[in-house]
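Here the structure is a predicted model, which means the values were calculated and not measured.
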Amino acid sequence: MLTAILCILGLIAGAAHGEVEAFLGALAGLVAGLWASARTAARERAVQDRLRELDDKTRWLYEALKARPAATAGPEATSAVPDEAATTAGTEAAPAVAAAAVEPASVSTQAAPLDTLHAEGVRVSARPQPPAADAAERDDLARPLAALWSRLMGSNPLARIGVIVLFFGVASALRLAAQAGWLPPELRLAAAVATGVAMIGFGLRLPGDGPRRMFALAIQGGGFALLYLAVYFALARYGFVGPAPAFLLFAALGVACAVCAARQSSQVLALLGLSGAFVAPMLASSGQGQYVVLFSYYLLLDAFIIALSWRRAWRALIFAGFLFTFAVGAGWGLRSYVADDYLVVQGFLIAFFVLFTATHVAQTVLRAPGAAGWQSGSLLFGPPLAAGVLQAALVQPYEYGAAISAALAGLYYLGLAGLLRSRAPDETLTFRAHAGIGAALLTLAVPLAFDLQMTAAIYAVEGAAALWYGCARASRLTLWAGAALQGAAGFWLAASLDTLTVAWPLLNGRTLGCLLLAGAALSSVRVLRQTGAGADWLPKALTLWLAGCWLFGGLADIDDFVPHDLQPAIALLFGVASAAFSEQQGRARDFITARALAALTLPVLWAGSLLGWDQHGHLLYGAMALALPLAWATHLWVLRRQDEDGAALLNTPRHIATAWTLLLSVGIEAGGWLADWLPGQDLWGWLAWIFVWLIAGRTLHAALHDEEQTDAWPWAAAPEAYARAVLWPVAGLLLLTVVALQFGHDGGSALPYLPLASALDLASVAALLWLARSGLLPVPLVGAAGLLWVSALAARSVHHLAGVAWSATAMFQSTLLQATLSLTWALSALALMVYATRRGTRTLWFAGFALLAAVGAKMLMIDLAGAGTVEWTGSLLGIGALILIASYVAPVPPGTLPDGEDTR
């Protein structure tokens, strides 16, 4: 719940300055809350482990003492326990006696919870059996998650959120009253003070057990926040009190809040009260730029936090103070800083920097009880990072300002490291961290300071002959000369192409020259493989040369003599036919290079498909309707043969690339034909992609999980790769496509729009149902997409049936849509939580809470545009009151939590 509080605080605090600041504030609050919750859970888990160990030892001692009289009381015990075991002294005797007295219903102290150990008729094994390694690993993973979940959602989170919403509602009411001139200022502030005191008194009088304790703490925290708000209004807005009396009041409120939090051992109370104090200046700001009062006030609040942290390791409170201080300082600097403010702002920045860095060292050196709250990477590296960014902006006009700042900060950190080394030598990690930061800053200061024809045919034939002769005579010189002659023939042919006359297909100098070169290379490859002469790579190189000559001659003739419309189909057939011949020869002669050339059928498919699509906008058009299926059949034939033979030719990547090529080809082709048949209706093209992903996902999911199909090709060739690289991405693309359509399309098509019966809605429902049943994606993610579809369905219905324009602006401004969503979500969520509380169903309660959170997010992100109006103020007060009522009558149903877990 701490995460929700900090996230909402950051969001609303940033909203007072702008949209970007609102997002950054919410993000910062989320990060801070998750970090604090995780760290708190880790500390509490360590304490619980120690308590559990102590309880095990106590229970063992109790059972051992209880077993001694039983060993001498009667014949049964005597027969069960040998005399020497009953009288042997030492640490090993007691476990033996207790183990002998264990009844059949005995349990281990490590395997059962404490409630089970205390059950009547149950005896505890004196020597606990160590759990299995895998169980211990699962327990280590489950405990942090369970603890973090209980910290986020335990106890009574509605009370905290309700108080926060009411606080901002009162702040808005005060500002609205000031702007409209309602009631005298004295009366407004008196009402706020009275409300705050009443909330504190009411919270102190409430019983402090279970969810009611959280309700009481939330009420007290809200009361202190209202008192801070009233005093700040009296100081900064109305001038009823001077700075000295105001800061005395602030100090008194801080002491009172700290005392109440300490007496009740509640970090939440301190966090609520002091967080409200941090937010108060932003809500009461009059735009007069009283930054000296603001930063002095924040300095005082941070001093309160330091005082609280001296005895209590409340890390979340420390981090919240640090986050508020530097975030508000950065926001003020971006909007209001001028060069004349340099000295004062520099002084405050140094003060805050020293406060959040020296305190850590001081508490460590003085062994303060709350020093553990500062032992965090965020609090160690966060202040120099945040201060460094602000300092760089401050000293930007000065040539060496950044370098001097880095050097001084480095010396400062080295001084802290020296203090740790001399006064706390056992804190090795903390010392090394400070020394490392200092060295890094000093190092950073340095760069900051210094700114054919027959001749070719004859050569080819003679080259092949020379190579054969060199192999037969074992003459390496002749062999390499023959290979060189073939290379020279190729270059000569290439140089002579412009002079060749190409009048007839096949029967021309270019094609015949390429055929001669290919034939010579083929002959040379056979000779080299039969004799084993020459280097191992030479046959492979000549094979590639052969393929190049063959393909060049054939493709050149296709380009010159085949009609333009038929060229993609003929070229594709020529390429796959050549690959099929290469595969057949390679398998028959056990020549892996030839088979590797055959494996290039997929790039040939890519090239042919792209040529056809570029010419006609379709893949299956004219002759390609025949050529492309034949090419696919050849490619799959080659791939299957090589799978059966175990040829290591990147078969698994080829399987994955084949699957994606097929999916993309089907999607592109279906979209293209739909665009031709239904011009101007782009929805059908998107629906084609949904059905491609859906059919592919269903087919592949069934193939990989059905025992009758898992052994079938191609799934059996690489099942894990298909699941990892095809099935899961297909599921993700399906979800992304559905989500994108909810945002980007109004559902209009050639058919009249009917909610739930439109093509878009039917396709979305089918996709989401399969994703939910398949379990490929996280359930919350699919659920969020489902909620998005429901919301988009409402928006499309309003658009088509009520005539609201399909645009973000029009939808956000539509009172019909906003009222429907807010009222339906809020009432449904509250009713669901009340029902869940009465039935004790935590799952339903959490579902209602999630829906209520969505309402709150909508109010803050969408309805915030009307901030300061009567409607916005009334909605805040009303929703806050409803949430408080629900928090009282519908707390979280009890559930099983880790032993001793504090759900506050």
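- Within the 4.5 Å cutoff, the side chain of S296 has no heavy atoms near those of the L300 side chain.
- With rounding to the nearest 0.5 Å, the separation of CZ in F431 from OG in S422 is 10.0 Å.
- Here the side chains of V345 and W332 are in contact, with some heavy-atom distance below 4.5 Å.
- Remark: the backbone N or O of A362 is not paired with any side-chain donor or acceptor of R423 at under 3.5 angstrom.
- Note that NE2 of H434 is 11.0 Å distant from CG of L414, once rounded to the nearest 0.5 Å.
- Within the model, atoms OG1 of T430 and CZ of R421 stand 13.5 Å from one another, a figure rounded to the nearest 0.5 Å.
- Contact of the L390 side chain with the L394 side chain is not registered, since no non-hydrogen atoms from C-beta on lie closer than 4.5 Å.
- For the pair W374/T364, no side-chain contact is recorded, criterion being any heavy-atom separation below 4.5 Å from C-beta on.
- Judged purely by atom type and a 3.5 angstrom limit, H360 has no side-chain atom pairing as donor or acceptor with the backbone of F356.
- Pairing each heavy atom of T325 with each of Y298, the nearest pair is CA-CD2, 4.1 Å.
- Interatomic distance, CD1 of I350 versus CG of L355, reported as 13.5 Å (0.5 Å rounding).
- When all heavy atoms of A192 and L226 are compared, the closest pair comes out as O-CB, 4.3 Å.
- Closest approach of I318 to I305, counting heavy atoms only: CA-CG2, 3.9 Å.
- When all heavy atoms are compared, the tightest approach of F295 to G329 is CE2-CA, 4.2 Å.
- You'll find the side chain of Y342 stays beyond 4.5 Å of the side chain of P397, heavy atoms only.
- For the residue pair S405/Q391, the side-chain donor-acceptor check at 3.5 Å is satisfied.
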Inset, instruction - Please test F348 against Y291 for ring pair (Phe, Tyr, Trp, His ring centres under 6.0 Å), starting from the C-alpha separation and ending with a verdict. - result: CA-CA 10 Å; F348 276 114; Y291 67 93; 7.4 Å; no

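- Here CZ of F240 is found 6.0 Å from CG of L189. Values are rounded to the nearest 0.5 Å.
- T357 and Y413 get closest at one heavy-atom pair: CG2-OH, 3.3 Å.
- At distances below 3.5 Å, not a single donor-acceptor pair connects side-chain atoms of S336 with backbone N or O atoms of G333.
- Nearest approach of G401 to V395, heavy atoms of both residues: C-CG2, 3.6 Å.
- Contact check for Y412 versus L416: side-chain heavy atoms found under the 4.5 Å cut-off.
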